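Down below is the structure, laid out as structure tokens.
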2 protein chains.
Amino acid sequence: MSAKIKIKDIAEKTGLSTTTVSRVLTGKAKQYRIGKKSQKIIQEVAKELNYIPNHFAANLRSGKSNTISLIVPSLGNPFFANIASLLNREVRKLGYTLIISDTNEDTKAEMLEIQQLISRNVEGFIIIPCGENFEHIEKLYSQGLPLILLDRYFENSNLPFVSTDNYYGAITATKYLIEHGHTSIACIQGVKSSTPNKMRIKGFKQAMQEVGNTNIHVIGDDFSVQNGYQETKLLLRWKERPTAIFALSNTITMGCLKALKEENIKVPDDISVITFDDHPYLDFLETPITSIAQPVEHVCKIGLKYLLSKLNNELELITDHVTLRPDLKIRNSVKKI
Amino acid sequence: MSAKIKIKDIAEKTGLSTTTVSRVLTGKAKQYRIGKKSQKIIQEVAKELNYIPNHFAANLRSGKSNTISLIVPSLGNPFFANIASLLNREVRKLGYTLIISDTNEDTKAEMLEIQQLISRNVEGFIIIPCGENFEHIEKLYSQGLPLILLDRYFENSNLPFVSTDNYYGAITATKYLIEHGHTSIACIQGVKSSTPNKMRIKGFKQAMQEVGNTNIHVIGDDFSVQNGYQETKLLLRWKERPTAIFALSNTITMGCLKALKEENIKVPDDISVITFDDHPYLDFLETPITSIAQPVEHVCKIGLKYLLSKLNNELELITDHVTLRPDLKIRNSVKKI
DNA sequence: ATATCTTGAATTAACGTTTGTACAAATTTA
DNA sequence: TAAATTTGTACAAACGTTAATTCAAGATAT
């Protein structure tokens, strides 16, 4: 491995100083009135020697890391993987590097991750938090680090977020079921303490109450395939079987469908299903599942925009709590009864 | 934002030198015979002041970044997202940080990414390459940087890789179709130049030849949903419609199923389908699709193990070309005729 | 011809950490 | 008791870059 080329090498070869080389290479030539000829020769020699800047040295000196962090609960979940992919594309466009961290839905890991990232001088944090603890995030925020929560957020915290209007989404889904004649609906929820879950439950109950339906069943406690599976298995054994299931995430739905399949219950003939989160594969399922499609792309882009304006001190917002309305994507999993 | 705590602050507070503090904090206390008392007080003060090491300074001095890079073609593809999630978990366990990059199947982006990562002093590269060019990767390798290709690799290159035995997988799939009486099989391929694709095609042809079937149809040219969709739309209009489709990736299958649905062709009654790549949702499709399940987890773990042994100069292998056999996961998409 | 301004660049000192080396003090050995 | 060894720690330099400051030479104005 040949020794790495540094700015000094270029300086020596061109007969110019390291300062001049640095300024040209970081695009500050005009600002510091470097001559055209010097600029050209520096660029040429840099290319010729295949110069690659040492990020660490540059950052140490300048304090700028040009790095934004994305922390997600699980890349294995297509919903988050999609967000990661999207954000990565956008962030690169802006000349930043995105460091993606996967916490595996573990708050401990999230905290460690954040430490790691601070020591990497990350300039901004995009966080999809896991769990219910947010002290460590608030601490981060209070230290003045630009930060935005996506998708998940905390009600009793002032941390800025961009998220789906989960309340509206749940009302929409529930009303859709009600309009189709369903009165006995089982709602399989995710993590009880998470705000999106709470808002969804709130919307579900609100919609039920509006029509005077007090037959409210909220079950489950995790945004996982297993939870969806287990709860579905159980609810099929209720004395009075619900006519519809409202699953609060794509993962829950997957477990739910697995259970229904095992029990040979047909959707929508034997039971209707509606779900939060959209995904292309929902179109190709045995029965395509009607869903509340979150405006993921907008959530990402708005979140990023917010973060960048904070980064550049550009923006003073009245509020930094943004919710976007999801769409009802009608497929074929709800029967009229 | 309170000023960041540095080693110097701890040194001053404890009355010890920065050297001593550094040595304790990097776990080299024994090696340099730092006294128990000093160790203890340094640890305490570090915690008290909430010291977070400056990664950039440390790396600049030591040359160690403790970072491994993963470059994937697209996190939007669940196959790769899954790999990212898996590797992330494993890498953390080993005390390294994983930087995940998404190239969007663009070689240009891949090259830029690599530059970026070099300037971040990444210690090892795990690459799932996109496209057919590999000069930039070979250059990297020849510079002595530990590197391993996963899943995709290049036949006419000596770059180390861990991948599925695609040839075997394709033979298995094809034989399975043949055993079920199929003689007219359309194989929808991905990127022609990619080695996995080539090996799969080779296996497909080999299996057909073994039974003297010369009715070989290989169509398509991309590992994309669109390609699967378009080619399926077309093949349904052939004079003599094939009785089975062998799709060479999960994305191709998704497009294929979309086309079949639109045309109201039933699987497996009207046409049989088998696919490369497994995914949980395959179980829940209208017809669960029989697949060649790649041993993704093993590929990842072996790849990582290889990389680390290279990193630590531990291992001299005779060959660094590893292929693992995939499994046939029988579901319900192939009809006996 | 002198003063003033503009242009183009170099000097020098940081950034926060790690590392090679040096060196007292305490302890053991002869 | 003097020499040798061990123990515990400090000093100073270095990593590659950038930023503040300074300065020489040429151009322009008076």
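Below, all heavy atoms of this structure are taken into account, side chains as well, without hydrogens, waters or symmetry copies. Everything numeric in this text was worked out from a predicted model, so none of it was measured. In what follows, chains carry the letters A, B, and so on, assigned in the order in which the sequence lines appear, proteins first and then strands, with residues in each chain numbered from 1.
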field: Residues in contact with DNA chain D, drawn from residues 16-29 of chain B - heavy-atom cutoff 4.0 Å
entry: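 The stretch gives B/L16, B/S17, B/T19, B/T20, B/R23 as the residues lying under 4.0 Å from the strand, ordered by number.
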- request: Check B/V162, B/L159, B/I302, B/I127 against B/I148 for a side chain to side chain contact (heavy atoms under 4.5 Å, CB included) and give me the one that passes.
  value: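 In the set B/V162, B/L159, B/I302, B/I127, the residue that makes a side chain to side chain contact (heavy atoms under 4.5 Å, CB included) with B/I148 is B/V162.
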I need the [atom1]-[atom2] distance between [X] and [N], as an integer number of Å.
{"X": "B/R61", "N": "C/dT17", "atom1": "CZ", "atom2": "C1'", "result": "8 Å"}
{"X": "B/K64", "N": "D/dC15", "atom1": "NZ", "atom2": "P", "result": "17 Å"}
{"X": "A/N59", "N": "C/dA14", "atom1": "CG", "atom2": "P", "result": "19 Å"}
{"X": "B/I7", "N": "D/dA10", "atom1": "CD1", "atom2": "P", "result": "13 Å"}
{"X": "A/I10", "N": "D/dT18", "atom1": "CD1", "atom2": "C1'", "result": "15 Å"}
{"X": "B/K30", "N": "D/dT9", "atom1": "NZ", "atom2": "P", "result": "15 Å"}
{"X": "B/R33", "N": "D/dT9", "atom1": "CZ", "atom2": "P", "result": "11 Å"}
{"X": "A/K36", "N": "C/dT7", "atom1": "NZ", "atom2": "C1'", "result": "13 Å"}

message: Check this one for me: any side-chain N or O of A/S62 less than 4.0 Å away from OP1 or OP2 of C/dC15?
response: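 For C/dC15, neither OP1 nor OP2 has a side-chain N or O of A/S62 closer than 4.0 Å.
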message: Does B/Y32 reach a base, just sugar-phosphate, or nothing at all? Heavy atoms under 4.0 Å.
response: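 B/Y32: base contact, heavy atoms under 4.0 Å.
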message: Mind checking if A/I34 touches a base, just sugar-phosphate, or nothing, with heavy atoms under 4.0 Å?
response: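 Here A/I34 touches the backbone only, sparing every base.
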message: Take a 6.0 Å sphere around NE2 of B/H298 and say whether it holds more than 12 heavy atoms from other residues, nucleotides or ligands.
response: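 No, NE2 of B/H298 has 12 or fewer neighbouring heavy atoms, counting only those of other groups under 6.0 Å.
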- prompt: With a cut-off of 6.0 Å (strictly less than), are more than 12 heavy atoms of other residues, nucleotides or ligands near CD of A/E48?
  reply: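 Yes.
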- prompt: A/S309 side chain to A/Y306 main-chain N or O, any donor-acceptor pair under 3.5 Å?
  reply: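 Yes; judged by distance alone, with no hydrogens or angles, the pair exists.
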message: Let me spell it out: for each of B/G15 and B/L60, pick the nucleotide of DNA chain D with the closest heavy atom. Which residue's pick is nearer the 5' end?
response: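 Residue closer to the 5' terminus by nearest nucleotide: B/G15.
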- prompt: Of the non-hydrogen atoms in A/V299 and A/D151, which two are nearest, and what is the gap between them?
  reply: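 Closest pair (atom of A/V299, atom of A/D151, distance): CG1-N, 4.4 Å.
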field: Aromatic ring pairing B/F161/B/Y153, orientation class (parallel under 30°, perpendicular over 60°, tilted between)
entry: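 B/F161 and B/Y153: parallel rings.
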- prompt: Are A/N104 and B/R89 side-chain neighbours, meaning at least one heavy-atom pair lies under 4.5 Å?
  reply: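 Yes. Closest side-chain heavy atoms under 4.5 Å.
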